Amino acid sequence: MSLSIGKAEAAEPGAAERVSVGAFIRQYPETITAALLVLICVAVAVINPAFLQPSSLIDIGRASVVTGLFALGVFVILAAGGIDVSFTAIAALTMYSITLLTTRYAPGLPMVLVVAMAVGGGALLGMFNGLLVHNFGVPPMIVTIGTQYLFRGILLAFIGTVWIMALPEQMIAFGRAPLLQFANAKGTVITLPLYVLVLPVAAVLTWWILNRTLIGRAIFAMGGSARVAERLGYNLRTVHLFVFGFAGALAGLAGIIHVCSNRLANPFDLVGTEINVIAAVVLGGARITGGTGTVVGTLLGVLLVTVINNVLVMVGIPSTWQRFVVGTFILLAAAFFVVRQRRA
Amino acid sequence: MTKDSQIERCFLQLRQIHKRFGGVHALRGVDLTLELGEAYHLLGENGCGKSTVIKVMSGAIAPTEGEIILNGESFSALTPIQSLAAGIETVYQDLSLIPNLSVAENVALSEQLVHGEGRLARRLDRNQLRVTASAALATVGLPTTRTFLSTVVSDLPLAQRQLVAIARAIATKAKLVIMDEPTTSLTRREVENLIEVVARLRADNIAVLFVTHKLDECYRIGGHAVVFRDGECVAQGPLANYTKAEIAELMTGREIKSERYRTVGPRQEVLCTIHGLTAAPHFHDIDLSLRKGEILGVTGLADSGRNELALAIAGVRPAGSGTIVVDGDKASIRHPADAIRHGIGYVPENRLEEGLFLEKSILDNEIALVVADLANAWGVIDDGKGRAIAAKVAADMRLNTKDIDMPVGSLSGGNQQRVLIGRWLTIEPKLLLLHGPTVGVDVGSKDTIYRAIQVLAERGIGLIVISDDLPELLQNCDHILVMNSGRLVADLDAATATEEDIYHAMLASTSEIVQ
């Protein structure tokens with residue numbers, strides 16, 4: 001698509017064309033995200049061609065799975081006009097409890113059931129958020145700050161603070177199962193794990209729900225105007241329970257993948273990364289005020305943040321600068337969209 | 001017509017509907033019959049019960065007494081679902097569209113929602129969505145191309161949004177479409193289109209009920225007039241049976257309390273002259289002059305430009321061109337602070353959102369404008385001086401409490417308004433703009449506010465009162481300026497003018513003005 005814009009501009013670099021490019025960007029704000037991503041990748045590749053090696057690309061793929069699953073959940077809640085900062089606590093609580101449970105009482109439990117428990121547990125915790133938001137009318141920001149502390153408090157106070165290093169076999173196997181495996185020039189074996197497929201599957205599912213079902217349209221309707229949506233007969237309770245439950249389920253899934261890929265259940269992990277995830281979703285073009293955004297944009301935002309967090313080191317930018325760069329991008333992108341809107 | 005077919009055509013009947021809100025008797029025995037395929041115009045002044053009767057029809061409120069006969073079935077009250085299921089669709093002034101969804105979704109999603117009885121765990125039938133939306137859009141004369149169907153509603157101009165809202169009513173197979181002031185913000189050509197749409201709806205045997213102020217348009221659309229006054233339906237019949245003057249008289253015909261509050265006349269010195277003030281597209285070439293101690297009324301329909309004129313003088317939304325001279329100084333007003341510097345105070349229409357700090361005390365609200373003067377070199381506020389000022393204002397404005405530490409939110413509407421007016425007295429204003437000074441205020445408080453206004457005028461302050469409460473203007477002002485379509489069309493002497501005179505100027509069509 002960017003190709004066709006380029007052509008149009010070359011043929012007729014008049015004001016009218018610029019307006020239509022602006023309109024295009026307004027309609028698909030993720031174009032900006034994609035452009036930033038390409039820009040950074042090209043710049044990094046020029047300065048340090050090592051970036052283009054399969055190993056670094058695979059690193060990025062692996063690193064984006066957990067953030068990506070979180071981000072899809074946050075995106076769905078943002079689309080409905082809400083916000084969630086408790087998802088990392090949900091992930092930590094479910095991943096640690098379920099790993100503990102499996103290790104102690106059911107070491108032979110099939111992996112499918114372990115994942116199902118994580119998803120189910122996450123969904124229940126998420127729906128608890130949804131109930132609080134809907135029934136008491138408390139702003140979701142406050143509710144989820146509260147439940148973040150609550151869930152994490154339950155985890156650390158009642159369940160455990162000790163790292164679980166000896167994971168059950170099936171979890172280790174799940175973390176190791178290869179999708180692709182090959183040796184690089186130095187002879188090291190590089191593995192693209194099977195679990196990276198979870199992200200695209202979850203993304204397609206999320207896309208399908210949002211765009212091809214009534215609940216999906218109800219989510220955007222509520223994000224556009226909750227008052228009007230209610231007047232038109234949309235059941236806001238269902239929508240609230242669904243979006244928070246869905247985000248919780250994805251968080252539970254992300255938690256268990258995190259454990260399997262690290263071969264370690266650390267109860268202190270994950271919490272603290274929520275701003276990074278929300279930043280990715282916002283960089284993907286979803287407005288914090290709700291009702292907008294796309295799955296593709298969210299994934300691009302996740303890739304952008306992951307790339308910044310992983311490859312800036314490769315071009316000699318110290319890792320302490322990552323936050324600075326992400327912050328700058330968020331401000332630039334936000335300012336860009338606001339200016340665009342004012343002109344339109 | 002046989003009796004049977006008449007019953008068949010009769011869609012909705014209200015019989016002796018009463019509605020009381022606490023002590024307010026909003027509807028006093030309304031009888032109304034609506035037939036399919038007919039157009040009705042619900043006319044009346046603000047607060048006459050028009051919106052209450054619509055809410056009874058749409059099921060938003062239950063009447064206190066009376067009977068509703070819908071499709072031959074008798075109800076004491078309708079629920080919103082019963083009303084919708086029977087095909088009563090209301091296009092509210094806010095249109096109730098979802099801004100971030102596409103045109104097709106706004107028009108046709110409801111159909112699938114209703115079909116699934118509200119269950120959301122269903123696949124979206126996108127073909128059905130497109131088919132339904134296209135059919136409904138074609139009826140209202142909007143394009144049915146894929147691009148238009150997928151356009152996000154917030155990207156459409158207002159007139160098209162209005163039609164999209166009507167298309168949604170059609171898509172849900174409405175029998176009666178109620179439109180609340182549909183033409184208020186439309187241009188002439190857009191109104192023409194709306195009129196065609198209404199004709200098409202009537203041809204499809206759908207009843208249309210307009211709530212409107214604009215008599216001209218009623219006559220162009222034709223159909224029946226339903227005139228409300230003080231919660232009663234005072235006339236119902238074919239529009240052709242009434243002249244415009246007769247309808248205006250029916251609308252305003254109540255016994256007007258003619259007691260004038262105006263105490264003394266204006267002084268000789270001119271306080272403020274405005275010349276050629278223009279803020280396109282809201283108002284053009286406004287000339288007026290105000291003497292010290294004069295009370296000038298400004299009125300007009302909601303879209304006449306009167307609100308924008310007030311905001312321009314107050315600097316809230318500055319005018320594009322023209323001059324404002326205050327006390328001999330040419331004032332360049334680009335910002336509310338400029339207006340305040342020239343001694344112009346503005347009491348907004350929506351005092352709760354734009355004027356008062358509700359959780360703060362009377363004291364804090366009264367000294368808000370002078371708080372910088374009360375502070376010493378260290379920025380510490382002289383509490384004693386502030387209290388003295390606030391107490392004086394509270395006494396001047398005759399607040400019903402002496403406790404200036406009471407939060408403003410706990411006061412009655414009338415007292416809140418006086419707190420707001422009183423705040424301006426702390427800066428000794430030359431000119432005060434009062435925008436809807438008695439909106440949402442009970443009758444007793446109106447009286448105190450009117451007396452307070454007269455006291456201000458006696459002090460030599462010039463006042464401009466922007467209001468659509470005509471008796472209020474007639475009782476309080478020296479002159480009444482009437483705006484229509486962005487221009488001043490009449491300057492009436494408030495001592496001798498009548499409500500009919502004002503209405504005539506307010507409602508005259510633009511073509512008549514140009515002549």
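Convention: sequence-line order gives letters A, B, ...; per-chain numbering from 1. As the structure is a computational prediction, the values presented were derived from the model and not from experiment.
Here the straight-line distance linking atom CD of Gln112(B) with atom CG of Leu214(A) works out to 5.5 Å at 0.5 Å rounding. In this structure, the separation between OG1 on Thr289(A) and CG on Asn100(B) is 9.5 Å, given to the nearest 0.5 Å. Between the CD1 atom in Ile209(A) and the CG atom in Leu124(B) there is a gap of 13.5 Å [rounded to 0.5 Å]. Distance check: Tyr234(A) OH to Leu120(B) CG gives 8.5 Å after rounding to the nearest 0.5 Å.
Residue Leu95(B): no heavy atom, backbone or side chain, is found under 4.5 Å from chain A. In this structure, the portions of Arg123(B) lying under 4.5 Å from any heavy atom of chain A include both its backbone and its side chain. At a 4.5 Å heavy-atom cutoff, the contact between Ala218(A) and chain B is made by side-chain atoms alone. For a residue to count as touching a neighbouring chain, one of its non-hydrogen atoms must lie under 4.5 Å from one of that chain's; by this rule Arg168(B) touches chain A with the side chain only.
Chain B forms the most heavy-atom pairs under 4.5 Å with one residue out of Phe220(A), Phe242(A), Trp208(A), and that residue is Phe220(A). Across Asn235(A), Ile215(A), Val239(A), the residue that shares the most heavy-atom pairs under 4.5 angstrom with chain B is Ile215(A).
Crowding of Arg146(B) atom CZ: a count of heavy atoms from other residues, nucleotides or ligands under 6.0 Å not exceeding 12. Within 6.0 Å of CD on Gln128(B) lie more than 12 heavy atoms contributed by other residues, nucleotides or ligands.
Summarising the geometry of Ser225(A) relative to Pro99(B), their closest heavy-atom pair is CB-CD, 4.2 Å, with the distance given to 0.1 Å. In plain terms, the two heavy atoms of Ser96(B) and Val228(A) that are nearest each other are O-CG1, 3.1 Å.
Put simply, the side chain of Leu232(A) reaches to within 4.5 Å of the side chain of Ile98(B), judged on heavy atoms.
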> Hey, mind stepping through Leu101(B) and Arg217(A) against side-chain contact (heavy atoms from CB on, under 4.5 Å) and telling me if it holds?
Replying inline: CA-CA 8 Å; Leu101(B) 294 191; Arg217(A) 301 329 289 167; 3.8 Å; yes

